[in-house]
Each structure stands twice: as structure tokens, then as C-alpha cells.
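Only one structure is covered here, and it is reproduced in the block below.
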2 protein chains.
Amino acid sequence: MSAVAGNSKAGTKQKLVEAAEALFADEGFDRVSVRDITTRAGANVAAVNYHFGSREGLLALVMARQINPVNEERLARLDALERKIGGKALPVEEVLDAFVRPFATQVRRSELSEKLFFKLMGRMFGQQGGELPPVVEALFVTVMGRFQRAFAKSLPGLAVEEIWWRMHLMAGAMIHTMAQADTLQRVSGGDSGTPGIEQTLSRFIRFAAAGMRQGADEPREESRSQGPQVEFSF
Amino acid sequence: MSAVAGNSKAGTKQKLVEAAEALFADEGFDRVSVRDITTRAGANVAAVNYHFGSREGLLALVMARQINPVNEERLARLDALERKIGGKALPVEEVLDAFVRPFATQVRRSELSEKLFFKLMGRMFGQQGGELPPVVEALFVTVMGRFQRAFAKSLPGLAVEEIWWRMHLMAGAMIHTMAQADTLQRVSGGDSGTPGIEQTLSRFIRFAAAGMRQGADEPREESRSQGPQVEFSF
DNA sequence: GTCTATAAAGTGATAGAC
DNA sequence: GTCTATCACTTTATAGAC
């Protein structure tokens, strides 16, 4: 088990990508130098600039390579669900499943360990200031728009603004849960257990579905009138 | 409106702290140099090391100064609620309110703008790898333990492990919502509106309360038997 | 495609004058 | 308490040999 590079048969370029992914995930985008990467990959210091133009070029590639397949799969799953059900509204749980299950799919295709994969995802979504590469940002915006429409259909009692905020809360719960699993271990003193990925997905979906649905009319149910939502009475 | 330092009557030490807070919040802990801070504070490059021993010393002070009052107020609010209600269980909403309202209190006492305060909070909670100063980490662990017990009392149907995971999901939703409010603005194309802080707290509490309660027996209600929670059926 | 050598700038920290 | 000057190092990037 080589602690240094990934597949030792891989070319330098791929070894650099794999080293960069592991290091960025583990230590953060700002704390990893070109030298750290080339050393780990067993390559020359100049290799990053030769193969990727710059440190920034490699960083953008790493980000796109890991997150874009997740977002593509999200769209594919949502498309499939909507095709299957026709024009009707989907249960919130199905939409949430289409949103989170791609993490489980893609972590298996990744050369990264489960822990590092989720740390990397957390670092990308936690990026403040919109420093994501344009190609990543664009697909991300597309995904959020598509899911917003799906949730709006599933939760017809809610205003557009309310849907956006609940998606935001939902996404935060997801990201934090995945990226900070060891924090939970530490803080709980081990009382949080060590659930598998399916159980974590299931926990997330049940939690988020209840939050998304809160106070909303489910489609096809009898419409219950709701008073205007006043500020601060919970 | 001075874009450089805070109160120009403040001493150098305080100006350094205020400059550091604003810069760390806006750009991230790793991207701000000692020179950035001293320049913004209108102080000499050597001032940080004179007053705080090192860059790290200043960083630890900034973190503790901003997050510890939030955590102290959380404990005080929970204590007050529990004293008021005696030995009985609190409604989940009350516990959640004690958890998030201190952000609203402390942002007003802070010299930071609302936006920067929440960005800073997000950066601290988003820290991966447990790099928080010990005094901050210790209080944080205390707070989570106290709230875990409060939630366990409010949600007697749930296993300890389940409580921890729901708290984790809840905390993620909170952090993300606060720290990434402008991401939501950008992604929604403005459709998320510009709610005040009270409305955001209210939205969060309603979302999180539904998630925390999901499938649980409320205290004092008739006990509904629940089958074992199987993996993956949402 | 890989290497060495080096440029040019930035980093945190400190000795010592004032 | 503040300043200048400087140390010792690290950073990204590149020119040019192989």
C-alpha cells in the first residue's frame, strides 16, 4: 500500500492529479503547494506547470473531475424519475434521493477513499466567494434550478422563495454531514456510531424530507388553508 | 466611512484585532498575511508579533473572541429554559431557538457587519481537521453535550446515536445557511429574496424542528410503536 | 517529457535603534 | 510601544539543458 502515489503504473500526469486530489481533500486548497503535490507524485517540481499550465489549472481540473460527474448524475436521475412518473409530482424523498445518491455512486468510481472524497466535496461546497471554476459553477447552477422546479412541483403549497431557502438548508445539512463526519465522532465521544453510507443517506433523506415538507400541503392531498407566515413565532 | 481600520480612536492592539477579524472573515484564515493585517490596521509589520506573539496567537484570539460568547449565551439560554420549565421536556423549537438565537444577539455586539460575522462563523465551523484553539474546542464540545441531553429529553423516542446525527444535520443546515447566504442569492438568481435575520431564524427553526422530530414520539404524547429503522427505505 | 537552476516575490519572525 | 532592516524560508513559475 503505497502511501505516496496512486497507481504506480499511471503516467506522471495522472499521478499528479491523484496526488493533488488526496492532498487538497486532506489539507485544503490553500495549504497544499505545488511542491507538496510533485513530491507526493514522485514527479519533478516543474511537472505541474508543464502538464496543467499552473497550480490553478490543476486545481480547476481536480474540482471539475470530482464534482461534475455528481452533478451530471443528479440531472440524469431526476430526468429518469420524471420520465417514469409522467407529469405528476414526485414524492420529496425521491427528489432528495436523486440529489444525494450520486455521492454514493461517484465515491466508488473515485480513486479516493470515502473519507477523502467527502472531505473534498465539503471543501468545494464550502468555498466562500464563488471561487469555483466556471464550468463547475455553471453545472451547479443548472442542477439547483432543475431541483428547485422539482421541489416546487412536489411541494405546491410553498412560495418560490421558501423553496430556495429550504433547499439551502437541505444542502447545508448534506454537505456538513458528509464533510464533517469525524467532527461528529470527536464531539459525541463515539456515541454517533459508525453507520454505513446507505444508513447515512437514509438518515439525511428522512431528516431533510420532514424539513422540506414542514407546513406544506402535499400534492393530491386536500388543501389545508394556512395563515400568512408571521415572523418569529417559529 | 473608513474602509481601512475600525474605530480610529482605538489603540493599535484593538485595531489589529478588528482588521484581522474583517480580513479573516472575508478572505479565509489561510489567505491573510500578517502584512495584510498590519497594513489595514495602519500599524507596523512587527506589531502583530509584539502584541500577540505570533500570527497564530492573533488568529486564536479572533476565533475565541467571536465564537465563545455565542457558545456561552447558548448555555445560558438553555439553562434559563430548563429552570423555567422544571424537570419537564422542552419543545424542540425552544431548544433550537436557544441554539441559534445567540448568533443574532452576538452579531449586534460585534464590530463586524452582519455579513462578515456570519462568514467568519462559517469559516470556523467549517474548519476541517480540528484546528480550533483548545479553549474554543472545549466550550464547543460542552455546548454540544448539553444540547444533546436537552434534545434527548425533548425527543424520548430516539436513540442516542440518532440524536447525534440529527444534531449534526441541524448544525450543518444552520452553518451553511448563515455562511453561504450570498451563494443562495447567486444561484437562485435573486428568487430567494432578502429576508431579515428574524425570518431566517424562524425558517431555520421550523425546518430543523421538523427534521429533528421526524418519526419520533413527542414527549407526553401517546407512545406510538415504531418498527426498527431499516436501512434504505428512506 | 523531464530535469536543474534560478528568478521574483512573498512569508513569519526578530534584533536592535529610537 | 513603534520603527527599520533584515534573516531565513517558502512560494509559483520559467528558461534552457538534456
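Letters A, B, ... mirror the listed sequences (proteins, then strands); counts begin at 1.
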Partner set under side chain to side chain contact (heavy atoms under 4.5 Å, CB included) for A:A98, not counting sequence neighbours: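 Residues passing side chain to side chain contact (heavy atoms under 4.5 Å, CB included) with A:A98: A:R77, A:L81, A:F147.
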Quick one: list whatever passes side chain to side chain donor-acceptor pair (under 3.5 Å) with [X], sequence neighbours left out.
X	value
B:N68	none
A:D30	B:R31
B:N49	none
B:S33	B:D36

Donor on one side chain, acceptor on other, B:E161 and A:S192, under 3.5 Å: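 No donor-acceptor contact under 3.5 Å links the two side chains.
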To the nearest Å, how far apart are [X] [atom1] and [N] [atom2]?
X	N	atom1	atom2	result
A:N49	D:dT14	CG	C1'	8 Å
B:D36	C:dT11	CG	P	6 Å
A:F52	C:dG1	CZ	C1'	13 Å

Contact list for DNA chain D against residues 23-33 of chain B - heavy-atom distance below 4.0 Å: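 Contacts with DNA chain D under 4.0 Å: none.
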For A:F204, ring pair (Phe, Tyr, Trp, His ring centres under 6.0 Å) partners two or more places apart: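 So A:F204 forms no ring pair (Phe, Tyr, Trp, His ring centres under 6.0 Å) with any residue.
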Partner set under ring pair (Phe, Tyr, Trp, His ring centres under 6.0 Å) for A:F140, not counting sequence neighbours: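 By the ring pair (Phe, Tyr, Trp, His ring centres under 6.0 Å) rule, A:F140 matches A:F125.
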Sequence-aligned protein contact record of nucleotides 2-9 of chain C, with B where the base is within under 4.0 Å of a protein heavy atom and S where only the sugar-phosphate is: BBB-----
